[in-house]
**Student:** 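I'd like to ask some things about the structure below.
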Amino acid sequence: MSEKSTFIRYVLSGALTLTGLLFPAVGADAQGLTSPKRSIGSASSDVPEFSASQVSSRTSRTSRTSRTSRASRTLRAAARVYKGYGFDTCQAPALATMTAWLTSSPYRAVGIYFGGRARACKSQVNLSPSWVSETTSAGWNLLPIYVGSQSPCVTGSNKNPYRIPTASPTAQGTSEGKDAITAAAALGLDPGSALYLDMEAYDYTDKGCAKTTLKFVQAWNKQLLAADFHTGFHHSAAYGNRHLEIARKAGEPYMPDVVWFARWGVAASLTGEASLDSSAWTPHARIHQYHGSVSETHGGKKLSIDRDLIDAPVAVVG
């Protein structure tokens, strides 16, 4: 993501054999990369067409709670699912830029940094309830990102001041979960929305640190689930993914509904990530951030973005 330029030295290491498709050029960016074609693939393809659908599987609160203890969970409630290409960028773009990109770019989803004490772009000059309403009414799908406390063994020094307190990770996760719900509501993001917790790369092999981190994530998720939000985890594939898989296989409760994994320099794929079991977080529960910190210009408006392939819940507005 745009906050995660430090990911490059992690996610470019190691070769993966992926089943994704290479993209034909739509226009070269500043780094010589190419944008995805506007509409490629099919409903059954790893790279889906642009579409938004309602996936309804409403259940009672009792059955929904019981599912939090499963190793792998399906989406709990009615979810607005977007399948296609998107981008995330630190500062929510101006409405004029969003309008230009809607008509000229291959993207129909955008990640917005709506809260969290570790958020880099704390002053969101454009992000407001009216911005949310206007962009979604125009046809954009939103991926709300919350940059909360970071793992005690976070590798990025810029996040050191925001470490999870080792003495109270559950209390901290609970507090920040409530804050995320409040911040989402203030922007007009309704229950049923997916909110994505963003965490920098961390040393998941440090057992004490991993335990503290997991407790925080579980407490954050628990708060969102109780308020009928979907939970997502935005992280580095080489670190967060592996930690989540360990926890999932161990049967830990309150796991995220969706994984948004960053692995750059590879073909976009939702099924080829080696650190995730092929049966985990499916269906409609994965986002792959496949390139980062690239410049693109559409409709005369230039942005520095990270590119995402998406089959996952987005925000519900109105």
Side-chain angles (χ1 to χ4, degrees), residues 1-7 10 88-92 110-129 131-132 142-189 193-204 206 208-227 229-236 239-240 243-244 254 256-262 289 292 306 315:
M1 63 184 61
S2 297
E3 289 222 339
K4 290 189 166 76
S5 59
T6 57
F7 274 3
Y10 305 115
D88 53 285
T89 186
C90 194
Q91 183 75 241
V110 57
I112 54 170
Y113 290 87
F114 76 99
R117 71 190 189 104
R119 180 174 54 166
C121 294
K122 290 182 172 60
S123 178
Q124 293 282 335
V125 297
N126 299 312
L127 191 57
S128 67
W131 186 96
V132 167
L142 305 183
L143 297 163
I145 306 167
Y146 186 89
V147 192
S149 292
Q150 302 292 298
S151 175
C153 48
V154 62
T155 57
S157 59
N158 62 317
K159 299 300 184 186
N160 284 346
Y162 308 106
R163 292 175 178 174
I164 301 164
T166 56
S168 55
T170 298
Q172 189 71 26
T174 298
S175 175
E176 293 190 30
K178 292 177 180 178
D179 180 63
I181 293 167
T182 300
L187 286 174
L189 307 178
S193 298
L195 307 182
Y196 292 86
L197 179 63
D198 182 347
M199 196 165 288
E200 293 276 3
Y202 57 92
D203 182 9
Y204 71 95
D206 181 328
C209 178
K211 184 176 180 180
T212 296
T213 304
L214 183 60
K215 285 184 176 181
F216 171 84
V217 173
Q218 289 171 311
W220 193 87
N221 288 344
K222 185 176 181 179
Q223 288 301 306
L224 268 63
L225 294 174
F229 285 88
H230 297 291
T231 63
F233 191 43
H234 195 346
H235 54 280
S236 165
Y239 297 85
H243 186 199
L244 286 182
Y254 298 109
D257 292 313
V258 188
V259 290
W260 183 345
F261 55 93
Q289 185 188 93
D306 298 336

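None of the values given here were measured: they were computed from a predicted structure.
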**Student:** Do you know the tightest heavy-atom contact between L195 and A180?
**Tutor:** CD1-O, 4.1 Å

**Student:** Please say which of V258, V147, D257 ends up in a side chain to side chain contact (heavy atoms under 4.5 Å, CB included) with Y196.
**Tutor:** V258

**Student:** Between K159 (side chain) and A118 (backbone), is there a donor-acceptor pair under 3.5 Å?
**Tutor:**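 Looks like yes, one N/O pair under 3.5 Å.
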
**Student:** What's the shortest heavy-atom distance between I181 and A227, and which atoms?
**Tutor:**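 In terms of heavy atoms, the two residues are closest at CD1-CB, 3.7 Å.
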
**Student:** Tell me whether T213 contacts the main-chain N or O of S151 through its side chain, where contact means a donor paired with an acceptor under 3.5 Å.
**Tutor:** no

**Student:** Taking all non-hydrogen atoms of both residues, which atom of G111 and which atom of W260 are closest, and how far apart?
**Tutor:** CA-CH2, 4.5 Å

**Student:** Can you see which heavy atom on C209 is nearest to which on P152, and at what distance?
**Tutor:** SG-CD, 3.8 Å

**Student:** Got more than 12 heavy atoms from elsewhere within 6.0 Å of NZ, K211?
**Tutor:**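 Open: at most 12 neighbouring heavy atoms sit under 6.0 Å from NZ of K211.
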
**Student:** When rounded to the nearest 0.5 angstrom, what is the spacing between OG1 in T231 and CD in Q218?
**Tutor:**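 One finds 11.0 Å between OG1 of T231 and CD of Q218.
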
**Student:** Checking Q124 now: which residues fulfil side-chain contact (heavy atoms from CB on, under 4.5 Å) with it, not counting sequence neighbours?
**Tutor:** Q91, A92, Y113, R119, C121, L127

**Student:** Let me have the donor-acceptor pairs involving side chains of residues 161-174, under 3.5 Å, with sequence neighbours excluded, atom names and distances please.
**Tutor:**
residue, atom, partner, partner atom, Å
R163, NH2, N160, OD1, 3.1
Q172, NE2, E176, OE2, 2.7
T174, OG1, T170, O, 2.9

**Student:** For H235 and F261, what are the C-alpha separation, side-chain angles and deciding distance, and is it a side-chain contact (heavy atoms from CB on, under 4.5 Å)?
**Tutor:** CA-CA 5 Å; H235 54 280; F261 55 93; 4.2 Å; yes

**Student:** Is there a donor-acceptor pair closer than 3.5 Å between any side-chain N or O of S193 and the backbone N or O of F229?
**Tutor:** no

**Student:** For Q150 and E200, indicate whether the former's side chain and the latter's backbone hold a donor-acceptor pair under 3.5 Å.
**Tutor:**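 Yes; judged by distance alone, with no hydrogens or angles, the pair exists.
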
**Student:** Any side-chain heavy atom of W131 sitting closer than 4.5 Å to one from I112?
**Tutor:**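 Yes. Closest side-chain heavy atoms under 4.5 Å.
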
**Student:** Looking only at heavy atoms, what is the nearest atom pair of P129 and A186, with distance?
**Tutor:**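 Of all heavy-atom pairs spanning P129 and A186, the closest is CG-O, 3.2 Å.
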
**Student:** If the plane angle is over 60° it's perpendicular, under 30° parallel, otherwise tilted; pick one for Y146 and W220.
**Tutor:**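 Tilted, since the angle between the ring planes falls between 30° and 60°.
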
**Student:** Which heavy-atom pair separates L244 from F233 by the least distance, and what is that distance?
**Tutor:** CD1-CD2, 3.3 Å

**Student:** To the nearest 0.5 Å, what is the distance between OH on Y202 and OH on Y239?
**Tutor:** 11.5 Å

